[in-house]
Structures are given as C-alpha cells and as structure tokens.
> 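I'd like to ask you about the structure that follows.
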Number of protein chains: 2
Amino acid sequence: MDSAGAEPRRERVELGARSTDVRLGAGLLPHIWAAVRARFPAAARCGLAIDSHVAAHQPLPAAPADLEVLEVRLPRGEAAKTRESLSALQDAWIGLRRDEPVVVIGGGAALDVGGFAAATVRRGIPWIAVPTSVVGMADAAVGGKTAVNHAAGKNLLGAFHPPALVIADVRTLETLDPRDRVAGLAELYKCGRVSDAVLLTRLREGAPTDAEAWLDVIHRAVAVKARLVEADERDGGQRRLLNYGHTVGHALERVLGNERLRHGEAVAIGMDAAAGIAVGRGLMSDADRATQRADLRRLGLPVDVPAGVDAEALQAALGMDKKRASGAAHVFALPVGSTGARIVEDVTDAEIAAVLTAKRD
Amino acid sequence: MDSAGAEPRRERVELGARSTDVRLGAGLLPHIWAAVRARFPAAARCGLAIDSHVAAHQPLPAAPADLEVLEVRLPRGEAAKTRESLSALQDAWIGLRRDEPVVVIGGGAALDVGGFAAATVRRGIPWIAVPTSVVGMADAAVGGKTAVNHAAGKNLLGAFHPPALVIADVRTLETLDPRDRVAGLAELYKCGRVSDAVLLTRLREGAPTDAEAWLDVIHRAVAVKARLVEADERDGGQRRLLNYGHTVGHALERVLGNERLRHGEAVAIGMDAAAGIAVGRGLMSDADRATQRADLRRLGLPVDVPAGVDAEALQAALGMDKKRASGAAHVFALPVGSTGARIVEDVTDAEIAAVLTAKRD
C-alpha cells in the first residue's frame, strides 16, 4: 500500500462530554503510546485488549516505562464476543481509575467486547479504539455501540459507550486477509448509498488501491456515520439508516456463521434483499437495483443468498415465524431512488419471503 | 403505620430522554400492574426481578392476562449483586423489546443488579424501580447508578441507567426488620446534612412514626438527590456530595460484611469520621460534630467504628497502603459548619488515620 501523500485526517463525533475524536492516517500505530500519553497524561496504568491474530501480525511498540499496561489477548474475531471474554477484561481492568483508559486493538469484534468492558468497569472508564479492519474503522469504532453475543442472537448484550479517541491506521489493513478487506467495502458502500453520493461514486470506480484512497473512502464513511449518530445516538430514528443491509445480513450470519460468510458479505446480500423490497414498493427502480448489484459485484462482494441456505432457518432468524406484539411488521432501512434511504416500519413477512426466494440475473 | 392523610407525591429527575418519574405513596404496590400498563401500553411482556425475602412478605397482585411476566427471584439482599445473578436476569429478559420494561422489586441491592441487567439487554431497556427499603427509596432508586460487586470491591461493575419510573410504597417499609429501617435513616440524614436544613430538622425530632412522616422525609431526600443528579449525572462534581459518609462506610462494609454492619450503619459511622476530618481542617466546630453524633444516636445509629475491627484491614480497604498516581490524596465529601458539605480532594492518609483511632465521648 503506497502511503505517499496520505495526510492524516481528523473527524469528530460531537456528543458533548461523550464525544469521540477520530484520527485517520497511515503509520499511526507505531506512535500509539504517545497518543495515549498525550490524551491521558495522569494515567499510571492503562488497559489493553488485542485480538490475538492482530497481535501476531501487528508488532506493537513497547509501552513507556511509566505506564503499566494491563493486557488481555482476545480470541480471534467473533469468538471474542462472549460473556467469558467480557469477564476476563473486567477482571484485568477492575483496578483502573476513571482517568485511566483502556486501548482496544482489533477488528469490529474486539472493539465491541473491549468497549463493552470499558462501559461496565466503574460504570464507564474511557477507551481508545484502534480498529485494524475496514469494518472496524468505518463502523464499529464510531458511534459507541458495544456488545457481546448471546445464545439468543448477535449483539443482544451491550451498552452505548463511545470511545474518547479512535486511531485508525490504514497501514494495518495491509495484513488483512484480502477477503476480509473486500468484505469491509460493503459497509463503506452502505454509507455512500445511505447519504453520500460522492462516496458512492468513488466506490463505483472500484476498490481503493493505495493508502490515500483508503483514507478518503473511510473518512467519508466515518463522516456519514458521525452525522447520523450525532442526530440520534440511541438509535431510535435516523441512525437506523445504518442498518441498511443488516436485517437480512444478521440473519444470514446467524444461519451460516462468520467462517462461511463474512459480516460485510452478509450486509451486501442484505442490501440487495432490501433493494428488492424497495423495488416492490416502488421506492426504487429495477435499474437502480441492478446498478447496485453490479457495483457490489465489481467490488468483489456477493449479492445472492448462498446456495444451500436452509430457508426455514433463515426465516426463523428473521423472526418471520414469531408472533410479534406489533403485528407482523419488520423495520427495514430501504434504499430510495438512485441515492438515499429511508426507514420503513411495516415490511411484511410476505415481502421478505418474495425477495429471498426470487431468482435474479 | 398509620397512613391517614398520606397523599401520594410526585417528583421527577430531569435528564432529558433519560428522565425518571418518581411516585411516592402509601398503598401503591397493589396497583403495580396498572402502573406498568399505563406507562407501557404496547408491552406484551415484562421482566420482573424480586428479592426472594420481599417476595415472601409482600404479596404481589396477579399480572393481567395480556402481560407475560418473565420473573426471576433474587437472593436476599447484597448476595444478589453478583455476575451470576446478572447473567440469570439477562438470560430471562434477552427476548424483550426496547418498549417492554422490567420491574425490579426489593431493596437497594435488588435495584442495583436489576437495573444493571436492564442497562445491558439490547443496550438498555426501560425499567421500573419498586424500592421496598428506606435506602432503596431514598438512594438506590434515584439517579441511575446500577451495579454488581466484584472481588476487588463493591459496585465496581455497573452502568448509569436511570429507571423510567420509581414507585415507592411506604407501606412496604412495615415488613422491614426494624434494624434495617433504622439503618436507612442514615441516608436520609445524609441528604439533610448535605443540602436540606428542613429535612435535617425533621430528623432531629426523631424517626418518622407514620406513613405521612415517612413520605415527607423520603420525598425530601429524593428531591435533594434529584437536584444533585440533574446537575451532575456522571458523578464527577457536586453529585459526589452524596458520598458523604460513604468513603469510610464502604471500607467498613468490606471489612465486616453486611450481616454485621448494615449499609446505613456504616454510612453513619463514616459520617462521623468525615466530620472528624472536617473538624481537623477547621471546616466544622467540635460542637457541630457532637450535635451530629447525638442526632445519629437518637435515631438509633452507631457512630463509632465497632470494637474488634482489624485496623490494618480497614486501612487496606480505604486504599491507605496503595500507591496512587495522584499521590496519597483521598476524595471526601466533608460537612461544613452546621449544615452543608463540600468536596475535598486532598485528604491524607494521616488525617483518616487520626479520626479512626481517636477515642470519642
């Protein structure tokens, strides 16, 4: 990844005392401890959670002698999002004061569980998110949603606890499995489709090829998310637009598991399903849906439900066979026209079933 | 308890979308389900956590047929504040939607763990606090601090998650162990000493003897707390005045356990210790400290560290033998003059040691 001309960028999620400063750049990780020290000058200790796979591939500089680091290695990826990992982090960090931060390094899963632990120790100690994946940078690090999984579903236990600081070093993307890097593009595309036509146009030109191009699309996606989170931190209104592709996507992840289907891949398939529902409602033309399918495929993403998925299991994961108090309605973020999206709260089981079973091109 | 003339009262903690409506009265518990239904008309289900001792002594009315109640019995008192109880509540409530509340009935301990579980399910579902103890009504139900204990200390894991509604029925105080009812008076006295001279005067006249008198002092204490929480929800400023008596109090609880020393008793002893430090600093006269000692004793509360407490264990529980990054300073809420209090951030080990070892009258 060529980082010539990759100037550091800054963004901020303005939430009063709970605001997040975001720094994006190429080559920030080697300076991580200086950044911690600058932000928390009084800290004698700091927590560290790091995805074990990341730890093996991203050498961290040694911490300064006057900073005691309470380190926990997390299982790789989604396997970290358990109550057991949460307890291990809490036990390691329980002695920290409210002015001693924790640093969480890894993809979206590590940030989810690390941020949740920080939310619960002393009712909330500050944390620094250091995302090392595209999804982590564009999505998990920004907005304060933290979580672990539960047998009943993904992310069902968690808290809103925005990090004080995000340090996103696009150099860390170089060591990603190419499949994971491509999968992450789905979250960027989603942000463009929901509210940034310039970002959408950039991604139509293909995947980023150098550090500057990565910084550019990730910064744009972070800005989209920042504005939606500022307007609706608790996710009861416009922030739900970021769920575009996630309703069907989460259900597919539950049925297939993340070994078979990456989160971003599931979101890409979910975006096409949502587009199908939008077409059925006249919110979007067939041509616009076809454009999106072509865009996603050009980026290397899947758009169809994989062959062999158990239809009944998928319907169950979508809650299509449960009685719901509010009737049989599902809430979806649906695309509108060639750009933009809206929240629709009355999608029926039949509409979902139609797009999941119809064969496309 | 005579409830003639005990008119229901209302108070509110104004925290925007996270505000708490407080209702105080005599005989509210039999109407609990109507109150739940009125506040959450769309709920098909609701969670219920109830202290097992309370459940045995406070018969609850049957829930309406159209409300499925997901009930968990909690161990009595402080024993409920564990990660195990937290997990049991999360497992029972994981299927609730964000518009389906949980009801938590019991003393401060039940409210602490029940509120924490509500904070974590789907990143926060609404909860209704139904305190059945004096401490629960005057303290735990108001302000949103929730917690469980950790081997490293009390309340070290938790969240800020204010209840949507508090229903405080002073009739439930009738079934309390008299020792617990008296212990609760310490929290009321604390609120009076910190910022309500009228409340302080009432309590100098002795413990309340009927429902109206209980409603009056509890309402005043709730109002004191509400105003401090509104000004400083996250407990970094003036809210810390409510810690008056709690620094030494918590340490005593850790050393002795709540079987030997009730929370309120520990707070009473802690208030006298803090008053001793205040006298040493010239913030308060010896006479004012003596008045407070006499007041607390008249209410039936202890003021001296019980004989046989291990001095070293107490010092360790106070963090007096630990190196702290900020030097050897402790943060205390100290009483000032005959009424009022202030936060002091530079109390030394020596000042604490002096008041813990000096013999008083």
Side-chain angles (χ1 to χ4, degrees), chain A residues 16-18 40-46 66-68 83-84 86-87 89-100 112 115-117 119-125 144-153 155-161 232-236 319 322-327 331, chain B residues 16-18 40-45 66-68 83-84 86-87 89-100 112 115-117 119-125 143-153 155-161 232-236 319 322-327 331:
Chain A
R18 312 170 72 233
F40 296 93
R45 291 163 302 182
C46 119
D66 62 350
L67 189 68
E68 183 188 351
R83 286 198 281 216
E84 291 68 34
L86 178 70
S87 289
L89 293 170
Q90 290 168 333
D91 291 344
W93 297 343
I94 200 77
L96 293 173
R97 297 189 317 247
R98 284 199 199 159
D99 59 352
E100 293 178 323
D112 281 353
F116 188 25
T120 59
V121 170
R122 292 176 190 265
R123 302 191 186 97
I125 55 176
K145 281 192 185 177
T146 69
V148 296
N149 299 326
H150 186 276
N155 298 328
L156 287 183
L157 295 172
F160 287 92
H161 187 54
D232 170 31
E233 188 195 353
R234 294 282 165 157
D235 204 18
K322 281 188 216 151
K323 283 184 198 168
R324 285 182 301 281
S326 50
V331 180
Chain B
R18 312 170 71 232
F40 296 93
R45 291 163 302 182
D66 62 349
L67 189 67
E68 183 188 351
R83 287 199 280 217
E84 291 67 36
L86 178 70
S87 289
L89 293 170
Q90 290 168 333
D91 291 343
W93 297 345
I94 199 79
L96 293 172
R97 296 189 317 247
R98 284 200 200 159
D99 60 352
E100 292 178 326
D112 281 353
F116 188 25
T120 60
V121 169
R122 291 176 190 265
R123 302 192 187 96
I125 55 176
K145 280 191 185 178
T146 69
V148 296
N149 299 327
H150 186 275
N155 298 328
L156 287 184
L157 295 172
F160 288 93
H161 187 54
D232 171 31
E233 188 195 352
R234 295 282 166 158
D235 204 18
K322 282 189 216 150
K323 284 184 197 166
R324 285 181 301 282
S326 49
V331 180

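Protein chains get the first letters and strands the later ones, always in sequence-line order, with residue 1 at the start of each.
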> Taking only residues two or more places apart in sequence, or in another chain, which ones meet B:Arg18 in a side chain to side chain donor-acceptor pair (under 3.5 Å)?
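By the side chain to side chain donor-acceptor pair (under 3.5 Å) rule, B:Arg18 matches B:Glu233.
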
> Side chain from CB out, backbone as N, CA, C, O: work out which of these in B:Ala152 comes under 4.5 Å of a heavy atom of chain A, or both, or neither.
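Just the side chain, heavy atoms under 4.5 Å.
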
> Of the listed residues (B:Ala17, B:Gly236, B:Ser87), which shares the most heavy-atom pairs with chain A below a 4.5 Å separation?
B:Ser87

> Pick whichever of B:Asn155, B:Asp99, B:Thr120 has the most heavy-atom pairs under 4.5 Å with chain A.
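Answer, by heavy-atom pair count under 4.5 Å with chain A: B:Thr120.
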
> Report the option among A:Arg83, A:Arg234, A:His161 that has the most heavy-atom pairs separated by less than 4.5 Å from atoms of chain B.
A:Arg83

> On a heavy-atom basis, which atom in B:Leu157 and which in A:Ile94 lie closest, and how many Å separate them?
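That would be CD2-CD1, 3.7 Å.
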
> Between B:Ala147 and A:Arg123, what is the shortest heavy-atom contact and its length?
CB-NH2, 3.6 Å

> Roughly how far apart are B:Arg122 CZ and A:Asp235 CG, rounded to 0.5 Å?
12.0 Å

> Examine whether an atom of A:Asp91 lies under 4.5 Å from a heavy atom of chain B, and if so say whether it belongs to the side chain, the backbone or both; otherwise answer neither.
both

> My understanding is that only residues two or more places apart in sequence, or in another chain, count here; which of them pass side-chain contact (heavy atoms from CB on, under 4.5 Å) with A:Glu84?
A:Thr82

> Of the backbone (N, CA, C, O) and the side chain (C-beta and beyond), which part of A:Arg98 lies under 4.5 Å from a heavy atom of chain B, both, or neither?
side chain

